[in-house]
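First the structure, in the form of C-alpha cells, and then the observations on it.
The first residue of the sequence shown is numbered 1, and numbering continues consecutively from there.
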Amino acid sequence: MNTSTYFLGMAASAGLIMAIGAQNAFILRQGVRREHVGAVVTLCAASDAALIALGTAGIGAASTVFPLAIPLMTVAGILFLSVYGLQAARRAWRPTGDGLDGHGGPALPLRSALLQAAAFSWLNPHAWLDTTVLLGSLANAQGDGRWTFAAGAMTSSLLWFTVLAWTAGRLAPLFRRPHTWRVFDAGVAMMMLALAGGLTLQTLKG
C-alpha cells in the first residue's frame, strides 16, 4: 500500500467533511445528549464509506444515465432539512426540557436516531458531491492507487465522526443549562433552513 496516497486520501476527506454541516450538527447533538452515539457514528461513517466506494468505482457518472436521480434526491433533501430545521426552531422557541437532565427535549428511540442519521447521510446532495463526485474523482486520478486513496478517505471520515462525538460528550456540563440548548437549537435551525433555502435556489436556477 502506498502510504503517501493513503494520507492524501485522509487529508482530502478531512478538508471536505470537517465543516459543520447538517450531518455533523446531528452527531454533535447526539454526542451532547449521549444517546445512541456509537450507533449514529457507525452509521454515518459506514454511509460515507459506501458513498466514497461508489465514487471510486466510477458510479459518480451515473447521473448521466439517470438524469432524474439528483433532482429527486435534492427535493427529498430540501423537505427533510426544512422539517428538521423547523423542529429545531420550535425547540429553541419552546424548550421541552430542563437542560441536559431533560435531554434538551424528548429522547430519540434508536430507530429514529438511525433513520435521521441515514437521512442526513443519504438525502444531502452536498454529501454526494463531496464523497461520490469529488473524492471519487480524486481517487480515480490516483490510477492503481485509487482504493488506497479511498481507504484513507474512509478512515478520515470515521476518525472525524468519532472525535466529534467524543468532543460533544465533553461539553455535556455546559448543556445542563436550558439556555445553552436554546442557543444550540437556534443555530441548528438557521443552518438547516439556510441549507434548504440554498438547495431550493440552486434547483430553481438549474
Under a 4.5 Å side-chain heavy-atom rule over Ile, Leu, Val, Met, Phe, Trp and Tyr, are V183 and L193 clustered together? no
Between S47 and W122, is any side-chain donor less than 3.5 angstrom from a side-chain acceptor? yes
Can you check side-chain contact (heavy atoms from CB on, under 4.5 Å) on L114 and L110, steps first, answer last? CA-CA 6 Å; L114 292 178; L110 175 61; 3.9 Å; yes
Heavy-atom check, side chain of F161 versus side chain of D48, under 4.5 Å: yes
Is Q142 reaching over with its side chain to a backbone N or O of L138, donor-acceptor style, under 3.5 angstrom? yes
With a 3.5 Å distance limit and no angle check, can you tell me whether H36 reaches the backbone of L108 through a side-chain donor-acceptor pair? yes
Classify the side-chain pair Q23/S121 by whether it contains a donor and acceptor separated by less than 3.5 Å. yes
If I take atom CG from residue L123 and atom CH2 from residue W128, how far apart are they, to the nearest 0.5 angstrom? 10.0 Å
Looking only at heavy atoms, what is the nearest atom pair of T131 and L135, with distance? O-CB, 3.2 Å
Taking atom CG of L51 and atom CE of M154, what is their separation to the nearest 0.5 Å? 9.5 Å
Nearest non-hydrogen partners of A113 and Q30, listed with the distance: CB-NE2, 4.2 Å
To the nearest 0.5 Å, atom CG of L79 lies from atom OG1 of T200 at 8.5 Å
Show your reasoning for whether side-chain contact (heavy atoms from CB on, under 4.5 Å) applies to N24 and W160. CA-CA 9 Å; N24 287 340; W160 168 247; 3.2 Å; yes
Would you say V37 ends up clustered with L43 if hydrophobic residues are merged whenever their side chains have heavy atoms under 4.5 Å apart, either directly or through other cluster members? no
Return the CG to OG distance between L8 and S13, rounded to the nearest 0.5 Å. 11.0 Å
Donor-acceptor pair, distance only, cut-off 3.5 Å: does the side chain of N140 make one with the backbone of G55? yes
Hey, does the side chain of T56 reach the backbone of W147 with a donor-acceptor pair shorter than 3.5 angstrom? no
If you apply the rule side-chain contact (heavy atoms from CB on, under 4.5 Å), what do you find for L28 with L164, and how did you get there? CA-CA 7 Å; L28 269 174; L164 186 64; 3.7 Å; yes
So, do L158 and T162 sit near enough that their side-chain heavy atoms are less than 4.5 Å apart? yes
Are any of the side-chain heavy atoms of Q116 and V40 separated by less than 4.5 Å? no
Is a side-chain N or O of T42 found less than 3.5 angstrom from the main chain of G38, in a donor-acceptor match? yes
Short question: side chain of R170, backbone of W166 - any donor-acceptor pair under 3.5 Å? yes
Give a yes-or-no answer on whether the side chains of D185 and W93 include a donor-acceptor pair shorter than 3.5 Å. no
Smallest heavy-atom separation, I17 atom then S156 atom, equals CD1-O, 4.0 Å
Assess the residue pair F26 and V188 against the criterion (side-chain contact (heavy atoms from CB on, under 4.5 Å)); give the C-alpha distance rounded to whole Å, side-chain angles, the decisive distance to 0.1 Å, and a yes or no. CA-CA 9 Å; F26 181 70; V188 169; over 6 Å; no
